[in-house]
Number of protein chains: 2
Amino acid sequence: MGLTLEAIAKIAGVSRSTVSRVLNGGKGVKESTRLKVQGVIDSVNFQPNVAARGLAAGNTGIIGLVIPAGVSALFSDPYFPQLIQGISSVANAHDQSVMLWLAEPDYEERTIRKILYSGLLDGVIVSSMVIDDPTVQSLHESDIPFILIGRHPELEVNFVDVNNLSGGRAITSFLYRCGCRRIATITGPQNMVAGLDRFNGYCDALTVHGLPFSEDLVADGGFTEAGGYAAMKELLPMEPDGVFAASDIMAVGALRALGEAQLDVPADIALVGFDDAPVAARIKPSLTTMRQSTSRLGSKTLEILLDIIANPGHLPRQVIIEPELVIRKSCYAEEFRVEGG
Amino acid sequence: MGLTLEAIAKIAGVSRSTVSRVLNGGKGVKESTRLKVQGVIDSVNFQPNVAARGLAAGNTGIIGLVIPAGVSALFSDPYFPQLIQGISSVANAHDQSVMLWLAEPDYEERTIRKILYSGLLDGVIVSSMVIDDPTVQSLHESDIPFILIGRHPELEVNFVDVNNLSGGRAITSFLYRCGCRRIATITGPQNMVAGLDRFNGYCDALTVHGLPFSEDLVADGGFTEAGGYAAMKELLPMEPDGVFAASDIMAVGALRALGEAQLDVPADIALVGFDDAPVAARIKPSLTTMRQSTSRLGSKTLEILLDIIANPGHLPRQVIIEPELVIRKSCYAEEFRVEGG
DNA sequence: CTCCTTATTGGGAGCGCTCTCAGTATTAGG
DNA sequence: CCTAATACTGAGAGCGCTCCCAATAAGGAG
């Protein structure tokens, strides 16, 4: 409500400046005064006005999280909540606030301008992924600290990403090692770096194992359950003996199609996903997948952003997290240890 | 970046005040000057400083969305993304920004204070649901505009809620009308109003149809998949012929348990959920459930909050949205129309 | 053509806080 | 006990914007 620094100062019998010092670390204040002022602050539950502080100091303690329009359709995936949770947790610990922008096509332009020039944000996290996202371009041209979740194919920018390439390669190889020789893939959207990288990993693995690549064994599932289902239907006539779905959600859709086709997983056909979403462990059969800790991805990202804000001018910070193979029932071989029941 | 009102004024050859007027609706400005100033604003892409505006005007255009600690474990449910999407969409349309607070137990106290007294927020949405949430109490004692998603059991506050009571009653009655006479329920947490209301609706329906209530037919599923699974296991020995799971997520867990018990749904046992989550239509058999449009819940909530901010002092605004029965395969009778394939 | 209204515009005073700098109290050194 | 450091503290000047009020321009009536 209405209390101001000045009011606290008056109550404590000191000057505005002294209260401000106490509020901001208390350096250069006699211990006895610090205690006295802090006592008043605590007793009246004083909370300094963020807007005023932002105006005067130039930083607000607010971080923007932008989910661009292109991916907002996927927003109900468990991915985003986990990401937000990871970010939010670090934000709380660092006394920062998170402002969320779900960009919609109609408002995208306004969104960008607001982020860049309104002076509200100390830094921005963009859950990018869509190639050629104009937001990223604008941000890159501005001088506001920002970081991407997901690498950028061209720009030299800060990012944290899962190694989707090696992950795609690893899990495709795993299908091979489980005996699959006709491996299909259900890809994510090819205008997202993650979709692209996972697909390239798949291609790499085929090459490594001397398997031929065939367009017929590739279908786009758009990172959605329904897309995975449709893609699997499409792949079925090709009679693959193993399928790499580039996300667990799509794998769930694929599994549904497989079930309808009376095919047993993994006996008739092996299936693997990516992400280790919560559903992966629950579904029957449980899903072999690449684990990426999305909440850690989020927390790591904010940590780096805060570091960028505190220590500007470094080279781009680029962190790549290796995903981890989780072997479950949908694809396994005797020689590997299977997780869970 | 650095442009200020003053700079725009100088370029346009008018005063600071005039530019401010143009920015805020342009009332009382000659059309020709308005055009001239607007031209300059557009050409340099001027964006007024939010902190300064907030300080001077007293409102910031920022709405806080608080997800209290008690429910953050459920945050990865599709419920919250949908809610956020609904809120975000209205916020975009009204040129408001959304600040997200995932309260964690450790930080809850600080969170509340920050929300209340930092002066940053024009209003607050609390996705409450947990009974005796201290956040709500504090907010209620303050004079910041706020609204709950989910009714409050005691306080006379603004809220938007789904009619969980009538919904629970309706779907339990539907089980009855489908021939079930030994109806069990998997409840949500009983410290959440939604969990409580849906359970009470279930009890009401039993009474209406003259069915006896039995503690043995009630199990808590905590609104999670795993909880639903465990609860169903627990209920199995009681040999119910119909089960009302108080959320679709729990119904999915229950279905898993039923599958393991070799029971066919709906032939051996009928199952219904609540929410009409995306998974409800996808699962086999597709789930009969009560539809609530979570994103509409979110958008409605923000609309009302904005109205509260604009027109303060009214009586509590309390909106209750009726959920809608969606009949699918997990429980139906010939005389009802079934949705979907 | 002059005087009174009314439409526009400009200037000043903050909003509540931080930051710099000068002033005062304290302490140490001689 | 005095002088030079050093430790604290207070006052003033904004940060960029809105709001109020006085000043000026424009429009009408007489």
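Letters A, B, ... are given to chains in the order of the sequence lines, protein chains preceding strands, and every chain is numbered from 1. What you are looking at is a predicted structure, and each value in this text was computed from that prediction instead of being measured. Values reported hereafter were calculated over all heavy atoms of this structure, with side chains retained and with hydrogens, waters and symmetry mates removed.
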Which pair of non-hydrogen atoms, one from [X] and one from [Y], has the smallest distance, and what is that distance?
X	Y	answer
A/V50	A/T60	CG1-O, 4.0 Å
A/G123	A/L305	C-CD2, 4.0 Å
B/I62	B/Q96	N-NE2, 4.2 Å

Which of these nucleotides, [options], is closest to any side-chain atom of [X]?
X	options	result
A/T33	C/dC17, D/dG10, D/dC8	D/dC8
B/L55	C/dT18, C/dG14, C/dG16	C/dG16
B/V14	C/dG10, C/dT18, D/dT18	C/dG10
A/T4	C/dT9, C/dG16, C/dG11	C/dG16

[atom1] of [X] versus [atom2] of [N]: gap in Å, rounded?
X	N	atom1	atom2	value
A/L23	C/dC19	CG	C1'	14 Å
B/I8	D/dC17	CD1	C1'	13 Å
B/I41	D/dC17	CD1	P	10 Å
B/K10	C/dT9	NZ	C1'	18 Å
B/N59	D/dC17	CG	P	15 Å
B/N49	C/dC17	CG	C1'	14 Å
A/R16	C/dC19	CZ	P	13 Å
A/L5	C/dC15	CG	P	13 Å

* Could a donor-acceptor pair under 3.5 angstrom be found where the side chain of B/S17 meets the base of C/dG11? -> yes
* Asked: Hey, does the side-chain of B/R21 have a donor or acceptor N/O within less than 3.5 Å of a partner on the base of C/dT8?
  -> no
* Mapping B/A57 and B/K30 to their closest nucleotides on DNA chain C, which lands nearer the 5' end? -> B/K30
* Nearest-nucleotide 5' precedence on DNA chain C, B/V29 against A/F46 -> B/V29
* Neighbour count >12 (heavy atoms, 6.0 Å) for atom CZ, A/R317 -> yes
* Under 4.0 angstrom, heavy atoms only, what part of the nucleic acid is B/T18 near: base, sugar-phosphate, or nothing? -> sugar-phosphate
* Asked: Considering heavy-atom distances to DNA chain D, does A/A56 or A/S32 have its closest nucleotide positioned more toward the 5' end?
  -> A/S32
* Asked: Do A/N49 and A/T4 have side-chain heavy atoms sitting under 4.5 Å apart?
  -> no
* Is any side-chain N or O of A/N24 closer than 4.0 Å to OP1 or OP2 of C/dT18? -> yes
* **Phosphate OP1/OP2 of C/dT18 contacted by A/S20 side-chain N/O (<4.0 Å)** => yes
